[in-house]
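Notes to accompany the following structure.
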Amino acid sequence: MFAAFAETFRNLRTNFFQTFLSVLGIVIGVGALVAMLSMIDGLEKYARDQISSTSSLENLMVRAKTNTRIDGIFTTRDTIAQIDESVMAELLDSLPYPAKAELQYRNTAIGYTLDSSKLGLRYQANSFPMLDPPPADRLLHGRLLTSSDQDQRVAVINTPLAKRLISENDSLDAALGQEVLLMGDTLSVVGVFQDGQEESLGFGVTLGTLRLLPDAPTPNATLNIALENVHNVLDAQGYTDGWMKRHFADIPDATESYTQTGRLEQLAQGIMVFRLVMGFIIGVAVVVGGVGVMNVLLMSIAERTPEIGVRKAVGASRGTIIRQFLAESIAISTIGSFFGVILGIVVAMIAAPVLTYALEDVEFQAVFTLNTVMVVAVVAVLTGIVFGTYPARKAAGLDPVVAIRR
């Protein structure tokens, strides 16, 4: 192979223009391929970041099945698995992946003000500490709930509910300390928050508080498991499903789980189709460069015919001649691919800031991965083999007597 590279550089000196043009074709083709792959990888990274910012890809949700389907009709189960804090702690202790978790329960209820006005309420009950506490800027008055509120009859409410509890001319902070009659007991308001709702009357309590209310339903809470590494989500889902099946062995199909990773799978499929289409189009440029390699080798054979004849006359086999010219073909392709990689990196690094500048609120960057390098290496070798085979076989097929006479 080193001799082949030396021969390639010798051809660059003796047939500089022709060899340069063939190498230039490979450089342009590979450069376009590298730039395209790095830009697509950057596009995929940007899309993944956008999806991650709008959904919890690292989260695994587990909930008890409350209904059973019988002859196409859903009926309430006689026995429902109770996922509580002890179950959550036991699962986290055995889970082989670093994770945190919380329990979350949402429902609706009818409550009353102290003057017996009826309230249609939407509420959420959480275990503490919460995985994703409300941002501090959403709190308008008072305080948010903490772990110490687990056995306290307190709640935080949204602004529409606060307005229903106070007089028309009062400020929202007047809702602090107000009480709501709910599920056979009263809750005291300790905080007012803004949740973007204009009509729904909402409040939040701890799961412990909800269990204190005499007429409260049994909370069939959803277990939200946040994995530290998004790549462990599917494995953790399989483990958790098996663990729940063993833990609630007396309840058939006791729980169900789901994740958001399907969105990433759809994205990966779309990106793969785009990558293949663009790769096919840019592959035309690589083919053009390969034709140039073939042309250079055919010219080299024409000029070195006597040399080939002498080598065959002194005992060089057909395989030796074929390997020599295939090695030269691969060498030319490798040299062109090397400079093509450099060209592609430069083009991608220039294009990415231009896109970021042209598109407002978009931070786009090219991504260079090991896969791109592997693709280029395969392209270089395949180009050398495919387009060097015919010239190599032609050189090996020369008659030594005829070749020496030329």
Side-chain angles (χ1 to χ4, degrees), residues 56 58-64 81-95 97-109 111 121-159 161-162 165 172-173 175-197 201-229 236 240 243-244 247 255 257:
S56 300
E58 73 282 0
N59 284 23
L60 167 64
M61 314 296 289
V62 184
R63 60 189 176 191
Q82 293 300 314
I83 304 176
D84 55 20
E85 288 86 347
S86 62
V87 173
M88 177 177 68
E90 189 176 345
L91 172 61
L92 286 180
D93 285 341
S94 64
L95 193 68
Y97 310 102
K100 298 179 180 179
E102 70 169 357
L103 293 170
Q104 188 179 93
Y105 177 70
R106 292 188 177 96
N107 207 339
T108 59
L121 303 172
R122 297 181 182 275
Y123 66 91
Q124 176 174 311
N126 283 80
S127 63
F128 281 77
M130 298 176 66
L131 290 177
D132 189 18
D137 58 1
R138 287 177 55 187
L139 180 67
L140 301 180
H141 303 285
R143 65 176 178 84
L144 296 174
L145 299 176
T146 65
S147 300
S148 62
D149 294 317
Q150 290 282 12
D151 56 353
Q152 303 296 318
R153 291 171 173 79
V154 295
V156 293
I157 64 176
N158 66 356
T159 51
L161 179 53
L165 298 179
L172 289 177
D173 60 351
L176 298 178
Q178 295 287 338
E179 293 185 338
V180 178
L181 303 177
L182 181 72
M183 303 176 194
D185 210 330
T186 60
L187 296 178
S188 179
V189 176
V190 296
V192 179
F193 64 93
Q194 175 67 48
D195 62 356
Q197 299 291 333
L201 307 182
F203 71 93
V205 294
T206 68
L207 275 173
T209 297
L210 186 64
R211 295 190 183 103
L212 293 175
L213 306 180
D215 300 331
T218 301
N220 296 314
T222 297
L223 173 59
N224 184 0
I225 304 173
L227 282 301
E228 288 188 8
N229 191 334
T240 301
W243 190 92
M244 288 291 180
H247 188 83
T255 63
S257 63

Side-chain donor-acceptor contacts of residues 175-191 below 3.5 Å, not counting sequence neighbours, with atom names and distances?
{"from": "Asp185", "atom 1": "OD2", "to": "Arg153", "atom 2": "NE", "distance (Å)": "2.6"}

For residues 122-136, please give each side-chain donor-acceptor pair under 3.5 Å, one per line with the distance, not counting sequence neighbours.
{"from": "Gln124", "atom 1": "OE1", "to": "Arg106", "atom 2": "NE", "distance (Å)": "3.0"}
{"from": "Gln124", "atom 1": "OE1", "to": "Arg106", "atom 2": "NH2", "distance (Å)": "3.2"}
{"from": "Gln124", "atom 1": "NE2", "to": "Asn126", "atom 2": "OD1", "distance (Å)": "2.8"}
{"from": "Asn126", "atom 1": "ND2", "to": "Glu102", "atom 2": "OE1", "distance (Å)": "3.3"}
{"from": "Ser127", "atom 1": "OG", "to": "Leu103", "atom 2": "N", "distance (Å)": "2.7"}

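Distance alone, capped at 3.5 Å, places no donor-acceptor pair between the Asp149 side chain and the Gln152 backbone. Judged by distance alone, the side chain of Asp93 and the main-chain N or O of Glu90 form no donor-acceptor pair under 3.5 Å.
Annotation: side chain of Leu207 is not in contact with side chain of Asp84 (no heavy-atom distance under 4.5 Å). At a threshold of 4.5 Å between non-hydrogen side-chain atoms, the residues Leu60 and Ser257 count as touching. Residues Leu121 and Thr108 have side chains not in contact (no heavy-atom distance under 4.5 Å, counting atoms from C-beta outward). Between Val156 and Val192, the closest side-chain pair of non-hydrogen atoms is not below 4.5 Å. Side chains of Tyr105 and Thr222 form no contact here, defined as non-hydrogen atoms less than 4.5 Å apart.
Side-chain contact of Asn220 with Gln82: a donor-acceptor pair under 3.5 Å is present, judged by distance alone.
Among residues two or more places apart in sequence or in another chain, the ring-ring contact (aromatic ring centres under 6.0 Å, His included) test is passed with His247 by Trp243.
Residue Ile83 comes nearest to Met244 through the heavy atom pair CD1-CE, 4.4 Å, listed as atom of the first residue, atom of the second, then distance.
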